[in-house]
Amino acid sequence: MLTDQQIRELEETARHLRVEVLKMLHTSQSGHTGGSLSAIDVMTVLYFQRMRHNPSNPAWEDRDRFVLSKGHAAPALYACLAGCDYFPRDDLKTLRRLGSHLQGHPDMNKTPGVEVCTGSLGQGISQAVGLAMAARLASRPSRVYTLLGDGEVQEGQVWEAAMSAAHYGLGNLCAIVDQNGLQIDGATEEVMNVGPLGPKFLAFNWHVLEVDGHDIQAISRAFDEAEAVTDRPTAIIARTVKGKGVSFFEHKASYHGVAPSDDELERALQALALH
Amino acid sequence: MSEKIATRDIYGQTLVELGRENSRVVVLDADLSGSTKTKLFSKEFPERFFNAGIAEANMTGMAAGLAAGGMIPFASTFAVFAAGRAFEQIRQSVAYPGMNVKIVATHGGITVGEDGGSHQSVEDLAIMRSLPKMTVLCPADGPETGAAIRAAAAYDGPVYVRLGRGKVPVVFDQDCDFTIGKGVTLRDGSDLTFITTGLMTAEALQAAAILAEENVSARVVHLGTIKPIDIDLVLKAARETGAVVTAEEHSVIGGLGGAVCETLAEGCPVPVERVGLRDEFGQSGTAEELLAHYGLTAAHLVEAAERILARK
Ligand SMILES: Cc1ncc(C[n+]2csc(CCOP(=O)(O)OP(=O)(O)O)c2C)c(N)n1
Ligand SMILES: [Mg+2]
């Protein structure tokens, strides 16, 4: 259980990260706004409370691993990594620029703290399965977390990964689905309905939890429970709002891959300051 | 050459026309219909449009099944996912049986820009070209795209068409023809030949104009079909000019440069310079910055021409 004080601090961190995401996307004028904002609260709990990691030694062998399978939410990841001091905050201004270490999609060879290369949807979760297998083989205490989009789970590869994670009994693996109900072409249910997700993961022999993906306490408790289940992987279906935190970005597929304009940034920062 | 059009826009419009002309034309996409422009078709013919969701391998298999059932499917997504993610489905379900499926990939090459190397296909022409029975097209501009899409629809068999993201200069006339397997000489010349495809053809025309001022006569041959390559036109250019510079928004391995070198090595060995990505992946940046960074501009083509003349 988090104390009220801890919750307040994490909420404040999440608010700062949203500001960073919006500023960096405004500077780059290119990138994915909606899916970065929906993922912030889950990633805040992971990077600032849950995961054992050491920003001054990113290669620490026993660290927990995070794989952003929905790689287009790179701005959320970069905000977390900068917030943890993996690299200077100032670097965020170089997002998507020629020569920057902050590529449009996460690149393990360029950015300190990025574990694997993602961006092609469906591939991160398989790499997370491999990382969990490696941790077990090497008798490392590491846990592996991976965040997927609810459109991403339409990829058949996701279910191949789900099958193998359960087959190998990977209790050290936790997959979170950012269930914001939208993908690029519209509502996930209308484009290609892959639901219901909870029963699907259950049928694949995963432990399954469903939480409000913007409730810090609930997210943290879900990670507690996931860690207590040691004989199988856990899937956390996190109900979220695409564009969360900025009312005029919320619930809109049209803001999937659009960066804020000058005016939108100003209004968004005002809205976030009032929270 | 002042007007600029995105090839994907013309693709979307042409699909709608084809849909009106032929009720067997069906379209598939994988959650990118706004970007690939198949959305235009989906609005007019919702019952003949199928969004596979983010599931490119299944989309390709469904397209093969639709073709087996007598339809003329066009399946679209970004080039990395079209040629890459669904490669083996293309091989087994489309190319091997010779299925009448048109894979029209948008966002080919590095001009995808800011999304970065994970989204920039520099290998799609090579891997598609390696498949038996596959026809591979890479139009230069908007007008040629319209004609190429119509040619693909009329042709019975698997076709891969590579289109781009950004707007590119118009090179061809509005009512140009497209014959699969035939290249086009866009400018005559006697000292060397630029053999180019896609958006590099406009750069080659510019380079040839610059070279003319230096009294170098450069021919420009555009290959809108990478496979089957126009062997006669390529050999003729080599025989008559004695030096070839290839240019493509793609790796120098296995694509246009590779195809031209294979053709020349067997038929008329002359010095060749290949302009393209030199066995490397792309990265984030604007399309223009990346073209300059990877040496894909008219100025770089002029330098390549100077190098090849020294080797002649
Ligand atoms: C294999 C693959 N196909 C297509 C894309 C293009 N793409 C990027 S984001 C996206 C939609 C993702 O929707 P979802 O997983 O729900 O993400 P979120 O809503 O969290 O942004 C698509 C189709 C991709 N990156 N990878
Ligand atoms: Mg979504």
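Worth saying up front: this structure is predicted, and the values here are computed from it rather than measured. Residue numbers begin at 1 in each chain, while the letters A, B, ... track the order of the sequences.
The heavy-atom pair separating B:I54 from A:E152 by the smallest distance is CD1-N, 3.7 Å. Minimum interatomic distance between B:E289 and A:L98 (heavy atoms only, all atoms of both residues): OE1-CB, 3.6 Å. Nearest heavy-atom pair across B:S284 and A:G104 is OG-N, 2.8 Å. The shortest non-hydrogen separation linking A:D185 to B:D31 is N-OD1, 2.7 Å. Closest of all the heavy-atom pairs between A:G119 and B:S118 is CA-OG, 4.5 Å.
For B:D279, the CG atom counts as loosely surrounded, since its 6.0 Å shell holds 12 or fewer non-hydrogen atoms of other residues, nucleotides or ligands. Counting heavy atoms of neighbouring residues, nucleotides and ligands inside a 6.0 Å radius, atom CD of B:E288 does not exceed 12 of them. More than 12 heavy atoms of other shown residues, nucleotides or ligands fall within 6.0 angstrom of atom NZ in A:K252. Annotation: B:F281, atom CZ; neighbour count of heavy atoms from other residues, nucleotides and ligands within 6.0 Å does not exceed 12. Within 6.0 Å of atom CD in B:Q92, more than 12 heavy atoms from other residues, nucleotides or ligands are found, so the atom counts as buried in its surroundings. Applying the 6.0 Å contact sphere to CD of B:E44 captures more than 12 heavy atoms from other residues, nucleotides or ligands. For CZ of A:F248, the number of neighbouring non-hydrogen atoms (other residues, nucleotides, ligands) closer than 6.0 Å is greater than 12. The number of heavy atoms from other shown groups lying within 6.0 Å of NZ (B:K167) does not exceed 12.
Between the CD atom of B:E114 and the CD atom of A:Q103 there is a distance of 11.0 Å, given to the nearest 0.5 Å.
With a 4.5 angstrom heavy-atom cutoff, A:E190 does not touch chain B via any of its atoms. Heavy-atom distances place the side chain of A:S30, and not its backbone, under 4.5 Å from chain B. Contacts of B:N58 with chain A are absent, with no heavy-atom separation under 4.5 Å from either backbone or side chain. Interface remark: B:L32 contributes backbone and side-chain atoms alike to the contact with chain A (heavy atom separation under 4.5 Å). Interface residue A:H32: only side-chain heavy atoms are found under 4.5 Å from chain B.
Between chain A and the options B:A30, B:A55, B:G34, B:G84, heavy-atom pairs under 4.5 Å are most frequent for B:A55. The greatest number of non-hydrogen atom pairs below 4.5 Å with chain A, out of B:G117, B:A52, B:G113, B:S35, is found for B:A52.
Remark: the A:S120 side chain and the B:R85 side chain contain an N/O donor-acceptor pair separated by less than 3.5 Å.
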Evaluate side-chain contact (heavy atoms from CB on, under 4.5 Å) for A:R96 paired with B:D115, printing each intermediate quantity in order. CA-CA 7 Å; A:R96 292 180 160 236; B:D115 270 354; 2.8 Å; yes

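Formation of a donor-acceptor pair under 3.5 Å by the A:Q154 side chain with backbone atoms of B:G53 is not found in this model.
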